[in-house]
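What follows is a single structure, written as structure tokens, with notes after it.
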Amino acid sequence: MEQSQFSERLRQAMGKAHLKQADLVRMAAERGEKLGKSQLSQYVSGKVTPRREALGTLAGLLGVPAEWLAGQQDVAAAKPRVQVQVHTERERTMREFKKSSKLDHVLYDVRGPVVDEAARMEAEGERILKLNIGNPAPFGFRTPDEVVKDMRQQLTECEGYSDSRGLFSARKAIMQYSQVKGLPNVQMEHIYTGNGVSELIQLSMHALLDDGDEILIPSPDYPLWTACATLAGGHPVHYLCDEQADWYPDIADMESKISDRTKALVIINPNNPTGAVYPREALEQIVEVARRHQLMIFSDEIYDRLCMDGVEHVSIASLAPDLPCVTFSGLSKSHMIAGYRIGWMVLSGNIRCMNDFLLGVNMLSNMRLCSNVPAQSIVQTALGGYQSVEKYVRPGGRVCDQRDFVYRALNEIDGITAVKPKAAFYIFPKIDVKKFNIHDDEQFALDLLHEKKILVTRGGGFNWEQPDHFRVVYLPRMEVLAECMDDLADFLSTYHQD
């Protein structure tokens with residue numbers, strides 16, 4: 001056997017079959033045949049020629065006659081068999097690509113399995129009554145005309161990237177709004193715009209948390225907080241909000257869950273999913289806890305302009321000038337422009353102790369280049385002019401009236417109780433689990449969907465441990481809400497979970 005001719009034909013056959021040396025070694029092992037890496041490398045380089053047994057192995061793997069591979073036959077004789085082998089190799093089953101294990105403990109049921117089932121039913125022609133997501137646009141809430149007009153006029157000036165923090169005009173308006181809210185030490189360079197508050201929550205969690213760091217998050221929570229902390233490598237620790245005390249945080253429970261790994265605490269005020277608005281006294285207690293244990297405070301205040309019943313919203317950062325605070329807000333809910341994706345976060349209070357955190361925020365902010373520039377362009381108009389949302393949340397306004405109706409209707413259903421929300425679009429009613437034998441709140445939501453075509457979000461989707469709550473969004477028009485409440489009452493009149 002001539003060494004150079006053998007190595008040349010070996011390389012030719014491998015090329016036609018689109019196989020590398022590693023592929024041949026693996027294929028041989030799968031057949032239970034021995035073919036070493038160094039052995040094959042020597043064959044390919046022409047340093048040695050194989051013995052008869054190894055020659056037969058190579059010929060079989062490549063789908064060519066052993067005689068041809070050894071240099072005794074015309075090249076043409078090998079072509080048909082090579083083609084057959086190529087076809088076979090391409091039909092091999094592809095390996096399975098699985099989701100990252102980092103997602104194993106991530107939950108976002110607001111758009112989860114029950115929503116997927118509702119989408120399937122809709123695709124089959126079913127009419128679904130949606131009480132599951134706080135998106136104002138599908139329910140007839142319109143963006144103020146002035147905001148839309150200003151965006152149109154500025155579009156040609158928004159074609160390029162902005163500063164990674166955001167447009168000067170947007171951040172100036174946010175700074176002035178923050179000053180009105182009483183946030184201390186607010187500077188332009190400490191304000192960041194984002195594609196909604198959601199992006200900024202994720203950014204800030206990645207900037208702060210090392211693997212194993214703990215962060216206090218309310219239960220029930222808006223699940224994005226827990227998800228983002230988990231993805232950042234942190235360990236969310238949930239403190240209880242007390243339903244018997246209008247869903248205010250249980251301060252004793254909060255403090256009992258602080259450890260030497262705890263870096264920060266989160267509040268959601270006004271709260272989603274409960275609609276609670278925390279009074280100044282409760283906020284002052286939280287500040288004292290953070291002060292004693294030297295914690296950062298993250299405050300999600302996206303619903304701060306949607307308070308009802310004359311309730312005043314107080315920003316917790318205004319009570320903590322000596323502590324590092326990050327306050328989140330935006331226009332998605334107050335100006336009914338969830339799809340525009342414009343939110344912001346403001347760092348205030350003790351900036352000096354979070355200088356390194358700021359470096360992380362800047363790095364991540366730069367990496368995503370900037371937030372939606374056309375949406376940034378209307379921040380000044382939205383915050384500076386007439387606040388049209390006020391007509392929705394005062395008595396006689398659509399959001400206020402629909403809140404009142406749903407609150408009354410739920411409490412009239414045997415086996416359901418609910419605390420009256422003071423803000424936002426949500427109510428978090430409690431189910432008598434003994435009466436209905438409920439042990440699985442996802443099954444409850446699916447049963448309601450299948451029988452009455454009503455879509456709600458289970459309480460467990462908000463990191464609430466017991467299967468005894470669900471969230472209702474009261475954005476749909478009154479006639480839809482009335483239909484839903486009637487159907488829910490009818491459903492629960494006979495419901496008993498297996």
Side-chain angles (χ1 to χ4, degrees), residues 106-123 126-143 195-199 201-202 220-228 268 270-276 300 302-303 305-306 328-343 389 392-393 398-399 402-403 405-407 410 418 421 423-429 441-442 444-446 448-450 452-464 469-481 483-485 487-488:
V106 171
L107 178 76
Y108 196 73
D109 274 18
V110 175
R111 298 191 181 211
V114 181
V115 178
D116 292 341
E117 175 63 6
R120 183 196 66 77
M121 293 168 64
E122 273 193 317
E126 301 275 11
R127 172 178 172 255
I128 306 299
L129 303 175
K130 297 178 181 178
L131 305 180
N132 69 306
I133 194 165
N135 182 14
F139 305 112
F141 290 93
R142 301 266 63 88
T143 305
N195 296 304
V197 166
S198 301
E199 181 188 41
I201 291 172
Q202 185 173 37
D221 72 343
Y222 180 59
L224 187 74
W225 278 101
T226 297
C228 288
I268 304 171
N271 189 264
N272 176 10
T274 67
D300 184 344
I302 189 69
Y303 297 98
R305 294 177 294 286
L306 286 154
F328 300 81
S329 194
L331 303 179
S332 292
K333 313 300 182 178
S334 64
H335 288 72
M336 312 300 173
I337 51 175
Y340 284 27
R341 309 311 300 134
I342 178 62
V389 70
Y392 291 123
V393 296
R398 184 177 161 191
V399 172
Q402 291 174 185
R403 184 272 316 251
F405 170 77
V406 168
Y407 168 70
L410 285 168
F425 307 140
Y426 317 105
I427 189 168
F428 201 56
D441 57 358
E442 184 173 287
F444 164 77
L446 282 168
L448 179 60
L449 175 64
H450 289 146
K452 293 298 186 180
K453 313 299 185 292
I454 297 174
L455 178 59
V456 299
T457 307
R458 69 187 185 99
F462 302 95
N463 290 292
W464 183 256
H469 283 78
F470 61 101
R471 189 186 73 169
V472 170
V473 175
Y474 46 81
L475 283 173
R477 293 190 180 279
M478 191 70 82
E479 57 270 23
V480 175
L481 292 173
E483 180 182 356
C484 288
M485 293 300 104
D487 286 349
L488 178 61

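One-based numbering along the sequence shown. Basis for what follows: all heavy atoms, side chains included, without hydrogens, waters or symmetry-related copies.
Just one of N272, T226, N271 meets the side-chain hydrogen bond (donor to acceptor under 3.5 Å, both in side chains) condition when paired with D221; it is T226.
Under the 4.5 Å side-chain criterion, counting only non-hydrogen atoms from C-beta, R120 is not in contact with E126. Considering only heavy atoms from C-beta on, S198 comes within 4.5 Å of R341 through its side chain. A heavy-atom distance below 4.5 Å is found between the side chains of F470 and P429. Residues V473 and I133 are not in side-chain contact: their nearest non-hydrogen atoms beyond the backbone lie 4.5 Å or more apart. For the pair R305 and L331, the minimum side-chain heavy-atom distance is below 4.5 Å. In this structure, L481 and L131 have side chains that are in contact, with non-hydrogen atoms separated by less than 4.5 Å.
Closest heavy-atom contact between F328 and I201: CE2-N, 3.9 Å. Contact detail for I302 and S329: the closest heavy-atom pair is CD1-C, 3.7 Å. The shortest non-hydrogen separation linking P220 to T274 is CG-CG2, 3.7 Å. A pairwise comparison of heavy atoms in Q402 and P476 identifies NE2-O, 3.0 Å as the closest pair. For the residue pair L449 and V114, the shortest heavy atom distance occurs at CD2-O, 3.7 Å. L475 and R398 get closest at one heavy-atom pair: O-NH2, 3.0 Å.
Y426 pairs by the side-chain hydrogen bond (donor to acceptor under 3.5 Å, both in side chains) definition with Y303, not counting sequence neighbours. Not a single ring-ring contact (aromatic ring centres under 6.0 Å, His included) links Y407 to another residue, sequence neighbours left out. For H469, the ring-ring contact (aromatic ring centres under 6.0 Å, His included) criterion is met by W247, F428, W464, not counting sequence neighbours.
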Check the pair H335, Y340 against side chain to side chain contact (heavy atoms under 4.5 Å, CB included), reporting the backbone distance first and the verdict last.
CA-CA 10 Å; H335 288 72; Y340 284 27; over 6 Å; no

Could you check M336 against V389 for side chain to side chain contact (heavy atoms under 4.5 Å, CB included), going step by step and ending with a plain yes or no?
CA-CA 8 Å; M336 312 300 173; V389 70; 4.3 Å; yes

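Under the 3.5 Å distance criterion, the side-chain polar atoms of R403 are matched with a main-chain donor or acceptor of P421.
Between L129 atom CG and E483 atom CD the span is 5.0 Å, to the nearest 0.5 Å. The line from CZ of R471 to CZ of F425 is 11.0 Å long, rounded to the nearest 0.5 Å. Separation of atoms CG (L410) and CZ (F405) is listed at 9.0 Å; rounding is to 0.5 Å. Between atom CD of residue E199 and atom SG of residue C228 there is a gap of 10.5 Å, rounded to the nearest 0.5 Å. Taking NZ of K452 as the start and CD1 of I128 as the end, the distance is 13.5 Å to the nearest 0.5 Å. F462 contributes atom CZ, which lies 4.5 Å from atom OG1 of T457 (distance to the nearest 0.5 angstrom).
In this structure, R127 places its CZ atom where only 12 or fewer heavy-atom neighbours from other residues, nucleotides or ligands lie under 6.0 Å away.
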